[in-house]
There are 2 protein chains.
Amino acid sequence: MVTMQDVARASGVSVMTVSNVINGRNVSPETRGRVLEAIDTLGYRVNLAARNLRKGRTGTIGLAVPEVDSPYFAQLAARIITHAEAAGFRVAIEQTGLSREKELTTLAQSRNYQYDGVILSVVGLGKEDAALLQVDFPAVILGERIFDGPLDHLAMANVEGARAATEHLLGAGRRRIAMIAEVEAEPDSGVASLRFHGYRDALLGAGIAVDPDLVVAPRNVTMPAGRDAVRELLDRGHDIDAVFCLTDTLAIGAMRGLADAGLRVPDDVMVIGFDDIIEARFTIPSLSTVDPGHDFMARTAVEMLIERIERKGTAGPPREVISPARVVARESTRPAADRA
Amino acid sequence: MVTMQDVARASGVSVMTVSNVINGRNVSPETRGRVLEAIDTLGYRVNLAARNLRKGRTGTIGLAVPEVDSPYFAQLAARIITHAEAAGFRVAIEQTGLSREKELTTLAQSRNYQYDGVILSVVGLGKEDAALLQVDFPAVILGERIFDGPLDHLAMANVEGARAATEHLLGAGRRRIAMIAEVEAEPDSGVASLRFHGYRDALLGAGIAVDPDLVVAPRNVTMPAGRDAVRELLDRGHDIDAVFCLTDTLAIGAMRGLADAGLRVPDDVMVIGFDDIIEARFTIPSLSTVDPGHDFMARTAVEMLIERIERKGTAGPPREVISPARVVARESTRPAADRA
DNA sequence: AGATCGCGATGTAACGTTAAAGTCGCTGAC
DNA sequence: GTCAGCGACTTTAACGTTACATCGCGATCT
């Protein structure tokens, strides 16, 4: 391995001068030239482990997600990696597998100095775990369930996004609007409750009462669950003209369920999802959805984290940022007039 | 920061003994107990930067994929992370964005990014770049284009898998079997050519000539491209009874295209893909496909890499491993007899 | 009895970098 | 003529860990 020593010897200066050249500090042009040349011919590369030890940094941030192979998280990870890379950080991914324990240990182990900071995408932790998040370590929480926690928190505009989605359906003249989501007993804690809130607000705003019979719980958040939820909805004998789905995955399943029942999307029943995963652009018909500001979230999460890291600690009060959501209208909610 | 020094002082032993306790070396039970207790009360954590500097290791391996947000690569990454984690390594992901340059720089930069090794999933590099891969650094190449390179190489059984897929269709009594794939001019270099090879072999084996008109090139490897490829196939006026698609993504699009044309899958036209992405289980009908031994690949890639790392260098000749492929029969190729 | 061994424990010297505190010679202000 | 100030460079001392050599001591072998 070529070290600064070797470069220093080869160019007749001290190691410190080599360090200065590399870190762009005051060095005369001639010296800098000689050093750079030596670096080039010897093929010197700085040893990050040594630099990290000395500087107390690793240049790596941890990203904990439930699983990288679900579209939503894969796409989130891709964006975060891109932003972090631009800021000079590498991203190591940990999978927490939807488990509360793994989420906690990931956070706890992170200070193990392997990461400069962590972005933790939370699904298992709840408000009651806020105390456990009390770590003196740069961290940003992505998720919906924890408010007033001790760490920076970045959430989606769930209520507003859901309201806008529902209003979009209302604006297209639909009135019998179903929702596929498991609304939890404990109010306002999970994503589902928040989005249901927006759905309800929109309906009430249009003078329509929420019919509990039009809200159906899928058994999980997969495509088949979405399809089956639609079947149940239809079996109940209701004459629906639109469905708002908790996520795009459910929505894609729901569209299939509607097709199975001989209903056309959007003519008979409009469908809208939430998340704006890439797949939503590729379904036929393409799926209208709510973009939860993916890019804003990825960028902001990385920025917030890096700011904490730069300040060497968790100095400053925890911040709460809400990413703006926006309806993306595609074919699955296109009014008849628009189609030739 | 709590260091070994602190622990040593607190338990009345030398730093070296603390190190020995942590690394599970010969220490008497009593001493070990005292040290562990001190570690516990002080909340000591080993500093990986220091350990890495000393050991010349980082415990992190790099995984370079074109993009994490495409299902195939996301699922590959998830598996590799799982296996690496089990072996005590973290995985940092880099996105090469389908570019040959980024693939090369990732490999070149790896040793100063302080990865212990890299798994490089290659799409842009070709045989002609083999010389550029001449690095003295633990690396494993995943991909189809590079043979006889200087690095360990792990490939899929493309020809065999494609042959088996086609034979599966033949076995179900189909004879007019189309293929959706862009077969390159230069033979046998890319995935498409290799899979076409298998398709041709199977047909010839059954005494059927390859009809070039039944092989259609999609404009890329997305769902819409698959749908349009099917349309073109049908527009050509052929009476096909099965389609073998280069990838599952194309196959999912193809199924949609067939549905648009009023053809039933599998009754009128059977469809089979390649890759066994998770989505294939969730389409309706579920998609038959070829499992390219994802789990074998992930496990083997990690094992091969770790072995190189353990041997401290690239000692030993490059190895070439082919992952076995296996047809996964689902609804999209189910014979009529099986369905009630 | 003396040599040898093994075990537990220790002391020392790095690993390659950078922060901090000099050193040295030169310029320019008073 | 003196000296503060500055730029360019060097010296020194870590950062926290582990490899290696060594040491004391009781047990085992010849």
Side-chain angles (χ1 to χ4, degrees), chain A residues 1-39 42-60 88 109 111-116 309-310 312-313, chain B residues 1-39 42-60 88 109 111-116 309-310 312-313:
Chain A
M1 183 187 260
V2 186
T3 75
M4 277 192 176
Q5 282 288 0
D6 304 324
V7 177
R9 239 191 315 271
S11 45
V13 296
S14 72
V15 254
M16 210 46 229
T17 300
V18 178
S19 174
N20 288 334
V21 168
I22 287 170
N23 293 283
R25 285 186 276 255
N26 274 343
V27 179
S28 72
E30 314 95 273
T31 313
R32 156 166 285 115
R34 270 214 321 285
V35 171
L36 288 177
E37 200 186 309
I39 286 177
L42 295 178
Y44 168 78
R45 297 279 169 186
V46 338
N47 178 324
L48 291 182
R51 170 179 289 176
N52 294 341
L53 172 61
R54 185 60 241 221
K55 298 182 92 159
R57 287 273 194 92
T58 67
T60 302
Q109 302 271 320
R111 72 131 63 68
N112 223 339
Y113 308 109
Q114 37 187 342
Y115 301 137
D116 290 340
I309 293 172
E310 231 94 81
K312 303 214 177 205
Chain B
M1 180 188 266
V2 187
T3 74
M4 277 191 177
Q5 282 287 359
D6 304 322
V7 177
R9 239 190 316 272
S11 47
V13 296
S14 72
V15 255
M16 211 41 230
T17 300
V18 178
S19 173
N20 288 335
V21 168
I22 287 171
N23 294 282
R25 286 186 275 256
N26 274 343
V27 180
S28 71
E30 314 94 273
T31 314
R32 156 166 287 116
R34 273 214 319 285
V35 171
L36 288 178
E37 201 184 309
I39 287 177
L42 296 178
Y44 168 78
R45 297 276 168 187
V46 339
N47 178 321
L48 291 181
R51 170 179 287 176
N52 294 341
L53 172 60
R54 184 60 244 221
K55 297 182 87 156
R57 286 273 195 92
T58 67
T60 302
Q109 303 268 315
R111 73 133 55 71
N112 74 314
Y113 271 153
Q114 295 305 136
Y115 296 141
D116 289 342
I309 292 172
E310 231 92 82
K312 305 217 174 200

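These figures come from a predicted structure and were not determined experimentally. Here is how names work: the chains are called A, B, and so on, in the same order as the sequence lines, proteins then strands, and each is numbered from 1.
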Handout entry: B:Val13 and B:Val18, any side-chain heavy atoms less than 4.5 Å apart
Key = yes
Fill in the blank from the handout: side-chain contact (heavy atoms from CB on, under 4.5 Å) test vs A:Val21 passes for just one of A:Val35, A:Val7, A:Thr31, namely A:Val35
Handout entry: Summary of protein contacts for nucleotides 7-18 of chain C, nucleotide by nucleotide, where a base hit scores B, a sugar-phosphate-only hit scores S (4.0 Å, heavy atoms)
Key = -SSBB-BBBBBB
Problem - Heavy-atom side-chain contact between A:Arg34 and A:Thr17 under 4.5 Å - result: no
Problem - From CG (B:Asn52) to OG1 (B:Thr60), nearest 0.5 Å - result: 7.0 Å
Problem - Side chain B:Ser19, main chain B:Val15, donor-acceptor under 3.5 Å - result: no
Practice task
Find the distance A:Arg34:CZ to D:dA8:C1' and express it as a whole number of Å.
Solution key: 12 Å
